[in-house]
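Worksheet: one structure, shown below.
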Amino acid sequence: MASRFWTAGSDSDEEEVDASEEENSSSEEESSSSSSSSSSGSDSSSDSDSDSDSDSDSDSDDSDAPKKGAARFLAGSDSDSDSDEDRRVVLKSAKDKRFSELTDTCDEIRNKMKINDWSAIQGLFDELNKRLERARKVSEAVGTPRVYVRMCVELEDFLNDTLANKDLKKKMSSTNAKALNTMRQRLKKHNTSDEFAEAVTKFRENPQEDEEEEEEEEESSSSSSESDTDGEREETEKRPAGAAKKKDKLLTMDSAEITYEMVAKKLREIVTSRGRKGTDKQEQVEMLQFLANVAKGVPQKLEVLLQLVGSLFDLSPGISNYMKVGLWKRCMLVMLEIMDTLQANEAIVLDDSAEPSEERTAEPVAGEDGKVRVWGNLVAFVERLDDEMFKSLQVIDPHTHEYMARLRDEPVFLALSQKVIDPHTHEYMARLRDEPVFLALSQKVHDYLARIGDVRNQPKVALRLIEHFYYKTDAVYDAMRKLTMLQQEEAAASAAAHPEGAVAAASAAAETAAAANTSNEPGEEQTADDKVALPVPLDFSMDESSTAAMKRLVGIVFTHGDERAKARAMLCTIYHKALHGDFHSARDMLLMSHLQDNVMLMDISTQILYNRSMAQLGLAAFRLGLISEAHSCLQELYGSGHIKELLAQGMAMGKFQDKTPEQELLEKRRQMPFHMHISMELLESSCLISAMLLEVPAMASSPLSVKKRVISKSFHRILDTYNRQTFTGPPETVRDHIMAATRALMRGDWSGAYGAVSALTVWQLVPQRESVLDMLKKQLKEEALRTYLFSYSAQYRSLSLDQLCTMFEMDEKAVYSIVSKMMIAEDLHGSWDQPTRTIVMHSIEATKVQSLAGQFADKATLMVELNERAYAFRTGGLRDDDDMGGGGGGRRGGRRGQDGQWEDDGGHGGRGRGRGPRLGAARMGLGQGGQDFGGHRRGGGGGGRGDRGGFRASGFSSNMTSGLPDRFQRRGPYRQQANPNMQALGSISRPGGGVGGGPGGGSYNRPLGGDRRDRGL
Amino acid sequence: MATVADLLKRPDVKETVLKTVQLDGQVVLKIMQHCDGAQPSIVTGQLLGLDVGQTMEVTDCFPFPSPEDDGDSSTNYQLDMMRCLREVNVDNNTVGWYQSSVLGQYQTQEMIETFISYHDSIKKCVCIVYDPQRQQRGQLGLRAIRLKDSFIELFKEQKLTGKDLREAGVGWRDVFVEVPIKIHHSSLAQALIADLNPAPGATAGDLERLSLANAGYLSKTMANLIECMDDMLAEQGKVSMYHRNVARQQQQMAAWLQKRNQENIARRAAGEEPLPEEDPVLFKPIPEPSALDQYLVTSQIAGYCDMLGAAAEKGMAKMYLVQAAQKAAQH
């Protein structure tokens, strides 16, 4: 039997070997008899064997087990380890039974300990824990049974003994050693876990106290072993106790007696113990709090306070959870205190490059420049606080009071950040005052140098501030400002009542809270912490308007920030501007910064910010009635179908994508807090309405070939499903409303469309509700007029201007301009008859043959184009040839484009131009048309190669729009399918279209320009 | 009628080449009767006659039963018919077949295959294509078609890729040849016609020819043309796909060769035998797509263009005529 051999081998003591030898022989007899008596004996023999090495009483139990089989687990048989008599006592109370189970297992473990069989101990320990669970269930006692605790302690001591004995360790078999290691780790974890730690320490303090009936000699041995063995764990466990003792000493001392040295020493002690396992963080915080009060001198106080902030941060658990609100508030208070101190003592400079005051015992002397350097990184603290706040806002349910309360903290945070920045400026001012003698120039240079140290961190804080400001509308900002002022007033009032001042009161409150914390359980800590009031510092004043604040802060970031900070600040500014309705300058900023080009390379949160800015930009454009701009901004976001993810305003419940938990967690961490959300409904309705306003007239202008040119795919999809419905009820969702409006608009019924659109509830969210609705009404009228003319002009021989005016409730001028525009664009085949104030229609509807001829021409051109490409493929290798040919091709293409226009019926040509503005940017870059065409030809030649896809696509598209404005648009979808890059490029160039035409340009001026350029080719 | 095909038909110097197809009056009438009756489905029939030097004399014909009537007996029908005709002492020498067409569509793969199968036994077989619509518009709807010999050779060898056709100098115009038709009446018949009635000033055909309404015809032809363009585009796609594939393969081949070269250099340096530079197994030549369909579609397009051109030309002329007539009436 193998197990016997290694047990024998592992034993070091001669006597023990003998003993086990004897026992083995006796157990062998028993086991052999048992195996002969039952068939199941063979498989349990090894198990019984390893057990049988120990004691005769457990022996009997184990040898019994195989015989009993399943009955072994019955209540009666379970409690039978000690003796035969016990086994027969079946009628025990459940509690007693469990208890005796525990005792038995403990005994067994003790036996194993004797023979050093760690693998068995491990198994038994597991069993013991299981039994403990069961015992607890039955007895419903919260405390741990003393037997169990004693066992734990014994085990631990034994473990330490074993570990200390190197010889023994070496002699162990590998399995045993492994088990020993496992056991060590498990026990360590187990005993230090808060559940048992207390009990264990209590036991250690008073091992003699016994409620047990049996007193064994092991008891004394264990207590003796406790005294001589000093494990690592124990040491760490003792530290807080020691600290507490010392604290007591300090606490009892008169504050006058406490020297600088003592405080410094204590502080150092705490600092070194920080981060170690088993340190009582709570206690540390308490201690630091006390130290802060007794600290000698301002610098030391600062040091202590800084440490205190750090320890407070330590109190909050890991990165995934957010800091408790109370804790956060305490942090804030301490930070405010630090700031106040710093402000009061201008000579002190916080610097994270200054060496931590390691060995200083005396008060630091002021440096040669009159400054005292204290180690500390305020920026890091501020950032951490901001992050924690962000996290907590993410987690807290937005519809509760709690959330509101949390938001109210924000001004305080702002005040803090404000102050962090202030020292810089303050310092700056101070320096200015210090040296009035110098000339202005030299002053500037000097101050610049003085500030170099700050330059690194200043933008960071400024960026944080920006990120708090950018999403606030004026109303919100004002409300916040008022709230701040109100709080300040209150604080001032209370300060007047209590001479010690608001801050002192606050710190006193914090102290009481801290006292409450330490004395009570965690549950109460929560409530106590929540009561901490955060007063707004009196000297904090917010800027008059958020715009001014933004401007100032962004300025700081732009001058000193790194690339990422600049990009973020830029995006925030764009968002802010868009939010305040300044679409044009926001758009210009976006385009001039070229953020679209490299936003894909940035980190995800910046990308989210970019998306948010885009969405806000679209909304701004929509509010201003710039429909096509709004559409191009929003469409990509909305059309993607992942708008929630893109804006980080909720998790996508995708059916087809399985995210790993890590991914999900990451995504959760990215979510925006509720108060920063952009209303999804508003986005949807803006996007769909702008799509509707663009799409309906376009559809009306080409009723036969709807599929030909799709402005908004998602809009079409929704419209299709809506049309397929067998029964359309009254509109409920945003989509329903807009589809109902679309229906009405397609008939030219603007009032119906307006009714459906204005019934949307989201307009309540728009600040300038009236003006937006007015704008919508106006747009709807215009588009309805256009649609009406597109759809029904063929039915009229002449149309009276007055009639149109009454139908669409528009003034004459507007109707006149719209109709004239349509005539110029050849959308409407008619002319004005001024004397009679009518439009005379020239019905030049294409006959079947004509339209067929048009189609044929399309096909033929396509074929020629493909032939040219094939030809280019053949000769593609020669660059010179290619460029020459490209020029020729460009010319040819231009000519063909015109021919095409002539051959087409008017509707086609008109729409071709109507599409112009969207691709305006692509056109703009077409100064060198031939060159571009060459690019296209080359690209066409390399059709199979994917690497140059982006370039090819861009060249191709610009050529398309220039040379062949109309018929190749149909191939747009192919193009996009073939090259996904194209989509990105398209999206980038789209807003550019607006710029190209200039902000004032109507959508009909530009196409003419484009057309002219076509002819120029 | 100056059709494209006519213009490009090159007179062949060979003695045996077919110059004209001489149709008997009764053959024309029979074909017309059969095809007109079966409109709009396409029907076929057998041409019987004699091959006399450069002229193919078609003296008789009989219709094939349409496949939907009775499919199984059609194979025997031809033989039975031939036997019966022989018994009544009619020319029973098959010289070709006739078929009806819709708006001049006849250039199909099946047509060529039928030609080839006839060609095995009858070297100079012809096909008479009858277009009822054309006839209704007051034009002769009959065409005699045959395949060019050079094309037949190529087709039999299945050398139909672009390269083969180019090397053989066979363009798309060299697939079908239209042979002039001569209608021949026996003297007796001519005498009878002359005897029957004095010739009228204007026949019904003349009146039909004056009809101004040709929009339907034009749009129909146009639609067909567009369809052909689609086919053409598809063919073009095939070719460009082929080109792409070839290019890719060449790239791969080049890469492989380079690799092999380097390997060989290494081997030579190591004193080993270099590996062969050619590996026929790895890169099979990609089969070039057949150009036949392109040819057919192209000639079809050419046919449509001819038709459209002719129709437009006539339409214009008629318009001027009407204008002049109206002016004359006003004054």
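Letters A, B, ... are given to chains in the order of the sequence lines, protein chains preceding strands, and every chain is numbered from 1.
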(request) Please determine, among B:L233, B:L218, B:I226, the option with the most heavy-atom pairs under 4.5 Å with chain A. (result) B:I226
(request) To the nearest 0.5 angstrom, please state how far the CZ atom of A:F856 sits from the OG1 atom of B:T221. (result) 12.0 Å
(request) Could you pull out the closest heavy-atom pair between B:M222 and A:A853, with the gap in Å? (result) CE-CA, 3.5 Å
(message) Strictly less than 4.5 Å between heavy atoms, which residues of residues 322-330 of chain B line up against chain A? Please order them by number.
(response) none
(message) I'd like to know whether CD of B:E313 has more than 12 heavy-atom contacts from other residues, nucleotides or ligands below 6.0 angstrom.
(response) no
(request) Please round to the nearest 0.5 Å and tell me the distance separating atom CE of A:M863 and atom CD of B:E235. (result) 11.0 Å
(message) Show the nearest heavy-atom pair for residues A:L852 and B:A223, with the distance to one decimal.
(response) CD1-N, 4.3 Å
(request) Report, by ascending residue number, the residues of residues 287-294 of chain B in heavy-atom contact with chain A at a distance under 4.5 Å; give 'none' if the set is empty. (result) none
(request) Any chance you could measure A:R869, atom CZ, to B:H243, atom NE2, to the nearest 0.5 Å? (result) 13.0 Å
(request) Provide the closest heavy-atom pair for A:A860 versus B:M229 in the form atom of the first, atom of the second, distance. (result) CA-CE, 3.7 Å
